[in-house]
2 protein chains.
Amino acid sequence: MRIVAISDSTHSAVDGKKTSLSQPNGGNGARTWTMSDIAEATGVSVKTVSRVVRGETGVGAKARERVSEFIAKVGYHPHLGARSMRQSMRDCIGVVIPARIDEVPVSQQFFTRLFAQLYQTFGLKGKYLCFDMNPYERGPADYARGLWEQRFSGCVLCGPLSTDDTTVHRIHASGAPYIALGRLDSFPECSCATVDYDLAAYQSTEYLIKRGHSRIAMLKGFEGYQPGVERLRGYMRALDAAGLAYDPKLVHSASFGANDLANRTYRLLIESNVTALIDASGAEDAESIRVGCQRAGRIPGRDIELLSWTYTDSAAVLKEACAHMWLPVWEAAVVGLEQFAEWFEGKRQGPIQVVFPPTLYEVVTKGEVQKPQHLFELLG
Amino acid sequence: MRIVAISDSTHSAVDGKKTSLSQPNGGNGARTWTMSDIAEATGVSVKTVSRVVRGETGVGAKARERVSEFIAKVGYHPHLGARSMRQSMRDCIGVVIPARIDEVPVSQQFFTRLFAQLYQTFGLKGKYLCFDMNPYERGPADYARGLWEQRFSGCVLCGPLSTDDTTVHRIHASGAPYIALGRLDSFPECSCATVDYDLAAYQSTEYLIKRGHSRIAMLKGFEGYQPGVERLRGYMRALDAAGLAYDPKLVHSASFGANDLANRTYRLLIESNVTALIDASGAEDAESIRVGCQRAGRIPGRDIELLSWTYTDSAAVLKEACAHMWLPVWEAAVVGLEQFAEWFEGKRQGPIQVVFPPTLYEVVTKGEVQKPQHLFELLG
DNA sequence: CTGTTAGCGCATTCAG
DNA sequence: CTGAATGCGCTAACAG
């Protein structure tokens with residue numbers, strides 16, 4: 001067991017010179033060494049110490065060894081704040097939430113997968129991950145503040161973008177590497193990795209129209225966010241292509257915080273002549289849909305045809321549904337993160353554009369998915 | 001939609017003065033403003049700008065408004081590197097892994113709960129969480145490097161400590177607020193929030209002895225880590241108290257990476273005269289234990305008595321077990337994190353010492369827990 | 001109430 | 001191969 005040597009004969013000259021303000025907790029702790037301390041103690045110049053620390057050439061073998069040993073002995077580490085004033089922080093990736101964390105359904109599953117992926121891509125290479133949880137304490141905060149503050153030099157926007165988001169434009173304009181796990185109509189150049197929700201809605205609607213339905217209801221999530229807009233647009237396009245009129249009463253938005261999915265389902269199903277329902281809520285909540293159907297006196301497969309969206313390949317949210325739309329959100333994120341890592345490391349240029357198409361299944365192989373638990377639900 | 005105004009008549013004088021090195025990606029991005037830029041543009045001194053930014057008194061209403069507006073307009077943010085040279089970083093908490101992430105069983109459940117808790121405690125207050133994944137690329141890395149580098153000024157050590165850990169001593173000596181989710185025999189002063197595994201092992205063994213067993217096997221995890229040491233010590237103390245001899249053949253360590261739990265169980269059970277088994281592996285893997293029993297030709301409750309450890313209140317890993325030991329690891333972490341937050345904010349002193357006792361259940365109310373999925377299993 | 005100035009620790013010229 | 005000097009953006013002590 002070796003504790004940092006506080007006093008050492010080699011540098012008795014600098015003894016008690018100053019109590020650095022930047023000491024962790026300004027107390028009885030071990031002293032914080034600076035390059036000039038090291039230089040003084042080892043009898044070389046600051047620049048030589050710098051060369052050794054940064055592994056540069058231009059230092060004699062003897063001097064290098066002496067400095068290296070001393071550095072190891074006292075446990076010197078360069079001050080990153082000081083370093084960041086001369087160069088950008090290329091060892092820290094920001095992970096920021098561009099939406100209220102309790103407004104969007106960040107599932108436990110998705111979050112831990114994302115974290116594991118970030119661990120593999122960056123953590124294993126010794127890089128830091130810096131999370132900014134975007135508190136929204138007094139109005140929407142600037143979720144990219146860590147970038148402006150130079151805390152990190154690139155970031156992952158983890159979550160859907162609000163339709164009126166402007167921050168992502170500023171990130172883009174800054175030239176910093178970034179990737180949004182979601183796109184934005186108003187900003188097609190946006191660096192992103194996501195799924196084509198518009199197409200998913202279009203194909204869902206088209207499928208049901210082909211099966212003879214003309215009064216198709218849709219339960220959609222993400223009100224106020226881009227994925228919500230895309231759902232509606234794709235739905236309307238499909239209706240339009242089939243020459244059907246759009247009835248706003250047939251589209252409801254469900255919020256994730258309140259558990260009103262069953263209620264929304266019920267209300268949609270008692271609308272006149274509704275014969276089919278697209279569950280594009282993203283909640284993956286079979287029970288609520290079932291309860292809603294039951295309360296409306298509808299039996300799936302007989303009185304009402306269901307089509308539900310899932311984030312899992314070949315899996316169903318509702319066994320009773322006639323078809324299942326798979327949104328490869330995770331798969332897009334993986335590809336996007338790989339490309340982002342290359343951009344961050346300077347091996348490629350940005351922006352990234354990964355938009356995966358959805359896949360419609362009629363037969364499911366993996367059974368029914370569980371209702372996911374969301375991050376904010378774990379609290380108190 | 002408003003993009004940062006690049007050129008503005010108010011400050012045409014400083015036009016094109018310099019291209020700061022610290023620009024995010026040194027390219028076509030928007031310019032990075034400094035305090036002196038703001039000062040020059042608004043006709044005040046740097047100190048006045050500083051006062052406005054930091055919300056200090058001593059600025060006239062007119063000047064304050066002018067500066068505030070300009071700052072908002074150009075999207076100025078203080079450079080944290082520069083700031084960190086004068087004061088410690090009190091808005092960033094390090095979350096570091098003091099063990100190889102693939103050597104210890106960080107369950108998805110525990111991890112997301114921890115993250116949610118950190119979000120609530122720090123994220124909501126606008127603080128950053130900086131994860132260092134401790135790569136171990138070339139030999140064990142210094143998992144507290146973020147502290148030495150002044151990247152953060154306090155940290156949570158998330159995971160068990162290695163028995164030969166020395167880094168935590170240095171963290172302690174630095175005076176920085178920290179909390180280890182695990183303790184260390186060799187370092188009783190260590191700031192920690194954990195469970196008394198020694199007591200859990202003692203009580204488990206004692207319980208089985210009282211039920212008439214004298215040949216008690218133990219399956220333990222965390223070889224090389226403190227919780228592993230405590231398991232063995234508690235087990236041995238109980239044997240000793242009852243005047244029984246310790247037989248090393250009756251204690252096996254299971255590693256988490258390899259799935260050898262069933263095999264270990266089998267091997268323990270074919271040992272001569274073993275009549276009871278403590279599953280202190282921490283794997284919460286009922287299936288492997290069952291397979292091991294079956295292969296050894298033992299039927300739980302008849303040929304062999306099982307006692308399994310769980311991390312969930314009133315829940316069982318194995319329904320067949322005669323008793324269940326609950327280790328309130330999570331509960332200790334919550335209390336510890338609260339105290340850590342207060343220490344970090346200067347509202348109390350360290351170190352923290354939260355050591356929860358385990359609880360033995362004979363009757364279980366919440367049913368059988370699922371085998372947890374671990375973070376590293378999500379990769380690949 | 002406001003401004004001037006001296007560093008913080010490091011990387012980077014530019015000289016030896 | 002080495003070192004002295006400069007400045008990054010900010011805060012704080014010290015003047016007005």
Side-chain angles (χ1 to χ4, degrees), chain A residues 14 17-24 26 31-67 71 74 76-91 148-151 153, chain B residues 14 17-24 26 31-67 71 74 76-91 148-151 153:
Chain A
V14 291
K17 199 178 68 180
K18 61 190 170 247
T19 305
S20 170
L21 231 176
S22 48
Q23 270 203 26
R31 78 172 278 183
T32 303
W33 292 80
T34 73
M35 277 195 172
S36 52
D37 292 335
I38 308 280
E40 196 173 344
T42 56
V44 296
S45 79
V46 189
K47 181 57 198 167
T48 300
V49 178
S50 173
R51 286 197 178 96
V52 172
V53 169
R54 299 165 53 82
E56 287 173 1
T57 59
V59 186
K62 255 172 64 180
R64 165 159 274 135
E65 194 189 359
R66 193 153 34 100
V67 172
I71 283 175
V74 300
Y76 164 81
H77 284 257
H79 187 300
L80 285 177
R83 183 172 273 186
S84 77
M85 301 193 65
R86 312 307 258 102
Q87 46 187 217
S88 72
M89 301 278 260
R90 303 217 66 79
D91 57 352
W148 318 137
E149 294 168 345
Q150 321 268 341
R151 197 183 287 270
S153 56
Chain B
V14 290
K17 200 177 69 178
K18 62 193 168 244
T19 306
S20 170
L21 229 177
S22 49
Q23 270 204 24
R31 80 172 277 183
T32 303
W33 292 81
T34 74
M35 277 194 171
S36 52
D37 291 337
I38 308 280
E40 194 173 345
T42 57
V44 296
S45 77
V46 195
K47 182 59 197 165
T48 301
V49 178
S50 173
R51 287 196 177 96
V52 172
V53 168
R54 300 164 52 82
E56 287 171 2
T57 59
V59 185
K62 254 172 65 180
R64 164 159 273 135
E65 193 189 1
R66 193 152 34 99
V67 172
I71 282 174
V74 300
Y76 164 81
H77 284 257
H79 187 300
L80 284 178
R83 181 173 275 184
S84 77
M85 301 194 65
R86 311 229 89 299
Q87 43 185 221
S88 72
M89 299 279 259
R90 303 217 66 81
D91 57 352
W148 317 137
E149 294 167 345
Q150 321 267 340
R151 196 183 286 271
S153 56

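Nothing here was measured: the structure is a model prediction, and the numbers come from that model. First the proteins, then the strands, lettered A, B, ... as listed; each starts at 1.
A straight line from CE of A/M85 to C1' of C/dG9 spans 9 Å, rounded to a whole angstrom. What separates CE of B/M35 from P of C/dG3 is a distance of 14 Å, to the nearest Å. Atom C1' of nucleotide C/dC10 and atom CD of B/E149 are separated by 14 Å, given to the nearest angstrom. Atom C1' of nucleotide C/dT13 and atom CD of A/E56 are separated by 13 Å, given to the nearest angstrom. What separates CD of A/E40 from P of C/dC10 is a distance of 14 Å, to the nearest Å. Following rounding to the nearest Å, B/R51 (CZ) and C/dT4 (C1') show an atom-to-atom distance of 11 Å. Summarising the geometry, the separation between NE2 on B/H79 and C1' on D/dG7 is reported as 13 Å, rounded to the nearest angstrom. Distance B/R151 CZ to C/dG9 P: 18 Å, rounded to the nearest Å.
The residue B/V59 sits close only to the backbone: its heavy atoms come under 4.0 Å of sugar-phosphate atoms, none of a base. Here A/V53 lies out of heavy-atom contact (under 4.0 Å) with every strand.
Residues A/V74 and A/I38 are in side-chain contact: their nearest non-hydrogen atoms beyond the backbone lie under 4.5 Å apart. By the 4.5 Å heavy-atom criterion applied to side chains, B/R83 and B/V53 are counted as neighbours.
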B/H79 and B/M85: side chain to side chain contact (heavy atoms under 4.5 Å, CB included), yes or no, with the steps? CA-CA 10 Å; B/H79 187 300; B/M85 301 194 65; over 6 Å; no

Start with the C-alpha gap between A/R151 and B/D91, add the side-chain angles, then the distance that decides, and say whether salt bridge (charged side-chain N to carboxylate O under 4.0 Å, His left out) holds. CA-CA 11 Å; A/R151 197 183 287 270; B/D91 57 352; 2.7 Å; yes

Stepwise, does the side chain to side chain contact (heavy atoms under 4.5 Å, CB included) test hold for B/Y76 with B/D37? CA-CA 10 Å; B/Y76 164 81; B/D37 291 337; over 6 Å; no

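The side chain of A/T34 sits closest to C/dC10 out of D/dA12, C/dA11, C/dC10.
Contact between the side-chain N/O atoms of A/T48 and the OP1/OP2 oxygens of D/dG3 is found at a separation under 4.0 Å. Taking only side-chain nitrogens and oxygens, A/R83 never comes nearer than 4.0 Å to OP1 or OP2 of C/dG9. Listed pair A/R86 / D/dG7 fails the phosphate criterion, with no side-chain N or O lying under 4.0 Å from OP1 or OP2. At the phosphate of C/dT4, neither OP1 nor OP2 sits under 4.0 Å from any side-chain N or O atom of B/S45.
No hydrogens or angles were tested; on distance alone, nothing pairs the side chain of A/K47 with the base of D/dA4 as donor and acceptor under 3.5 Å.
Two residues, B/A63 and A/G81, neighbour DNA chain C, and the one matched to the more 5' nucleotide by heavy-atom proximity is B/A63.
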